[in-house]
Amino acid sequence: QVHLVESGGGLVQAGGSLKLSCAASGGTFSTCVMGWFRQAPGKEREFVAGISWSGSTTYYADSVKGRFTISRDNAKNTGYLQMDSLKPDDTAVYYCALVRGYLVASSYSRKSSYDYWGQGTQVTVSS
């Protein structure tokens, strides 16, 4: 059973940066697609970014493109989300998710594509 733990959330002013981490255990992280999602109060959980098992392919939601960077270190069983130029609209609980194997491009943004989820980490951006 894969277990995911996110960390790195917190309170930051608009324009600031945060780097989230997602530590995986109990499975073969290096063979999993990883995604980051977020959920703001009263809203649906939405896709933020995704990365292939090798790290060679990445996808981003339009709302974060150019500001967020997803990456992974398979040797450390850890994924990352570097968030720059943060805006108040980025305030949400951020979740990492994994699924073994391969996803087609259109599946990266679907919550149902992922089998394992972390508990989330709160990110609050003040104006």
Side-chain angles (χ1 to χ4, degrees):
Q1 182 74 8
V2 175
H3 184 57
L4 304 176
V5 178
E6 301 97 335
S7 61
L11 174 63
V12 64
Q13 289 188 331
S17 298
L18 282 175
K19 186 173 185 177
L20 306 183
S21 298
C22 174
S25 60
T28 310
F29 179 77
S30 61
T31 63
C32 293
V33 166
M34 184 182 74
W36 284 95
F37 289 75
R38 66 187 182 186
Q39 188 166 16
K43 294 188 177 181
E44 293 284 325
R45 190 172 299 190
E46 65 176 4
F47 172 75
V48 175
I51 187 167
S52 62
W53 63 267
S54 67
S56 61
T57 304
T58 57
Y59 300 93
Y60 296 93
D62 288 343
S63 59
V64 306
K65 204 170 292 183
R67 299 187 298 121
F68 290 11
T69 304
I70 189 171
S71 62
R72 64 191 300 159
D73 185 339
N74 288 340
K76 296 183 177 179
N77 291 336
T78 303
Y80 306 96
L81 185 68
Q82 176 67 45
M83 305 186 296
D84 299 317
S85 301
L86 283 161
K87 305 174 181 180
D89 284 350
D90 295 319
T91 295
V93 177
Y94 283 71
Y95 300 88
C96 66
L98 292 184
V99 60
R100 290 191 176 95
Y102 171 81
L103 290 180
V104 297
S106 60
S107 294
Y108 273 76
S109 61
R110 297 175 186 161
K111 296 186 295 291
S112 60
S113 298
Y114 298 85
D115 294 323
Y116 305 101
W117 292 82
Q119 83 290 346
T121 185
Q122 176 70 47
V123 171
T124 303
V125 184
S126 63
S127 56

With a 4.5 Å heavy-atom cut-off, do [X] and [Y] have their side chains touching?
X	Y	value
Val2	Arg100	yes
Arg72	Phe29	yes
Met83	Arg67	no
Tyr80	Thr69	no
Tyr95	Arg45	yes

_Does the plane of the ring in Phe68 sit parallel, tilted or perpendicular to the ring in Tyr94? Use 30° and 60° as the thresholds._
tilted

*To which residues is Tyr102 joined in a hydrophobic cluster, defined by side-chain heavy-atom contacts under 4.5 Å among Ile, Leu, Val, Met, Phe, Trp and Tyr, whether direct or through other members?*
Val104

_N/O donor-acceptor pair under 3.5 Å between Glu6 side chain and Gly120 backbone_ = yes

*Could you walk me through whether Ser30 and Thr28 pass the side chain to side chain donor-acceptor pair (under 3.5 Å) check?*
CA-CA 5 Å; Ser30 61; Thr28 310; 6.0 Å; no

_Between Lys87 and Asp90, does any side-chain N to carboxylate O distance fall below 4.0 Å?_
no

*Give a yes or no on whether Leu81 and Leu18 share a hydrophobic cluster (residues Ile, Leu, Val, Met, Phe, Trp, Tyr; joining criterion: side-chain heavy atoms under 4.5 Å apart).*
yes

*Please check if the distance between the ring centroids of Tyr59 and Phe47 is under 6.0 Å.*
no

